[in-house]
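First up is the structure itself, then whatever we jot down about it.
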2 protein chains.
Amino acid sequence: MTGKFSLGPVDVEVPPEEQFARFLQGKGKRFTPQRRLVVEMVFSHHDHFDAEELLEHLSELIAQRRVSRPTVYRTLSELVEAGMLRSMNLGGRSVYEHAYGYPRHDHLYCQRCGRLFEFHSERLDQLREAVAREHEFQVTGHRLMITGVCRHCRDEE
Amino acid sequence: MTGKFSLGPVDVEVPPEEQFARFLQGKGKRFTPQRRLVVEMVFSHHDHFDAEELLEHLSELIAQRRVSRPTVYRTLSELVEAGMLRSMNLGGRSVYEHAYGYPRHDHLYCQRCGRLFEFHSERLDQLREAVAREHEFQVTGHRLMITGVCRHCRDEE
DNA sequence: CTACTTGCAAATCATTTGCAGATGA
DNA sequence: TCATCTGCAAATGATTTGCAAGTAG
């Protein structure tokens with residue numbers, strides 16, 4: 001729990017638990033201890049996380065029998081639905097990252113070590129719009145993944 | 001089989017079967033009737049194809065017991081390895097497209113009808129290089145998918 | 001001959017679902 | 001009260017693998 005919260009009228013950041021609770025309420029759903037656990041776990045580290053990290057943490061929870069695997073999956077879907085997580089697909093498994101309180105970004109994927117690096121590009125937004133206009137497409141989002149080898153891995157050779 | 005082949009010294013296009021046969025040979029593998037069937041099927045329509053199309057065709061082959069499912073999967077992997085197909089992941093299943101004799105492109109994905117549309121952008125190539133340089137990343141490829149609703153689907157409302 | 005292949009059936013692996021009992025508003 | 005949840009075990013669905021029998025060079 002490292003979130004920064006201010007009480008000013010402008011920069012109030014709603015903590016994830018609260019945000020999620022509201023979302024659930026709006027759907028007539030409950031904010032149960034299990035869902036709370038998953039949200040806390042997921043938003044306890046502020047870096048973006050990949051499948052391995054996530055599953056590691058989650059399996060701890062599962063091992064402790066504090067939440068079951070199906071509930072974890074269900075809650076992750078709800079978090080995506082709530083717009084608090086974004087999911088992508090890497091090698092057949094789902095990878096999640098915070099979509100909440102984080103700037104939009106895309107990824108560099110190192111095929112050697114599997115690490116993900118973030119970047120943001122204004123030009124990409126422009127490009128996206130240009131392409132959409134040309135194809136009369138109503139854009140809702142995009143996903144760009146640049147694959148290659150990171151500096152770290154190249155140094156190791 | 002609609003490929004255009006010329007005998008001129010410059011513009012000779014090697015047919016897919018031949019291309020694949022060479023690749024296999026170089027690996028000490030055989031160009032079997034089953035592999036030939038899959039290649040012919042896969043390269044018989046020149047548009048790019050999505051999972052549904054592909055599986056439809058393949059299931060015919062499988063139903064006729066001309067090739068088994070495992071062999072289809074194995075051959076598709078080999079075609080990717082040979083650089084003749086490119087694969088991406090859409091909703092948990094693999095989607096293939098020609099990487100052979102086709103210009104590089106990216107996709108617009110209509111989340112309503114599931115159709116894929118191609119586009120190419122020079123600016124994206126430049127952007128890719130710029131990002132890579134900045135992160136000292138050695139690029140091997142990228143994948144951009146713009147999601148939204150196509151004109152066709154919007155018209156239908 | 002001998003290594004490479006195939007098809008079958010069974011195994012994986014991530015994810016989902018049916019359902020009976022538990023629980024929060 | 002009572003609809004919403006949870007966990008379990010089993011189902012799914014795509015893809016992979018072990019293995020014995022078939023086949024190309």
Side-chain donor-acceptor distances from residues 123-135 of chain B under 3.5 Å, at least two apart:
residue: B:D125; atom: OD1; partner: B:R104; partner atom: NH1; Å: 3.3
residue: B:R128; atom: NH1; partner: B:H142; partner atom: ND1; Å: 3.0

request  = Examine distances only and state if a side-chain atom of A:R154 and a backbone atom of B:E136 form a donor-acceptor pair shorter than 3.5 Å.
outcome  = yes
Q. Are any of the side-chain heavy atoms of B:E17 and B:F43 separated by less than 4.5 Å?
A. no
Kindly give the atom pairs (protein nitrogen or oxygen, nucleotide nitrogen or oxygen) under 3.5 Å for nucleotides 10-14 of chain C.
residue: C:dA14; atom: OP1; partner: A:R93; partner atom: NH2; Å: 2.8

Pairwise side-chain contact, B:R66 with B:E60, heavy-atom cut-off 4.5 Å (strictly under)
no
d(A:F31 CZ, A:F23 CZ) to nearest 0.5 Å is 12.5 Å
So, with a heavy-atom separation below 4.0 Å from DNA chain C, the residues of residues 21-32 of chain B are B:G28, B:K29, B:R30, B:T32
To the nearest angstrom, the CZ-P distance between A:R36 and D:dC5 comes to 15 Å
A:E81 CD to C:dT16 P, in whole Å, measures 13 Å
Q: Give a yes/no answer on whether the side chain of B:R35 brings an N or O atom under 4.0 Å of OP1 or OP2 in C:dT5.
A: yes
Between CD of A:Q64 and C1' of D:dG7 the distance, given in whole Å, is 16 Å
* OP1 or OP2 of D:dG7 under 4.0 Å from side-chain N/O of A:Q34 -> yes
Rounding to 0.5 Å, atoms CG (A:L85) and CD (A:E78) come to a distance of 11.0 Å
When rounded to whole Å, the OH to C1' distance for the pair B:Y96 and D:dA14 reads 10 Å
Margin query: Between B:H107 (side chain only) and B:T147 (backbone N and O only), is there a donor and an acceptor less than 3.5 Å apart?
Written below: no
With a 4.0 Å limit, can you tell me whether A:T71 has a side-chain N or O closer than that to the phosphate oxygens OP1/OP2 of D:dG7?
yes
- Scan B:R65 against the nucleic acid and name what it touches under 4.0 Å (heavy atoms): base, sugar-phosphate only, or nothing. sugar-phosphate
Any side-chain donor paired with an acceptor under 3.5 Å for A:T75 and A:Q34?
no
From CZ of B:R74 across to P of D:dA14 the rounded distance in Å is 18 Å
Shortest non-hydrogen pair, B:V149 vs B:C110, comes out as CA-SG, 4.0 Å
From CZ of A:R66 across to C1' of D:dT6 the rounded distance in Å is 15 Å
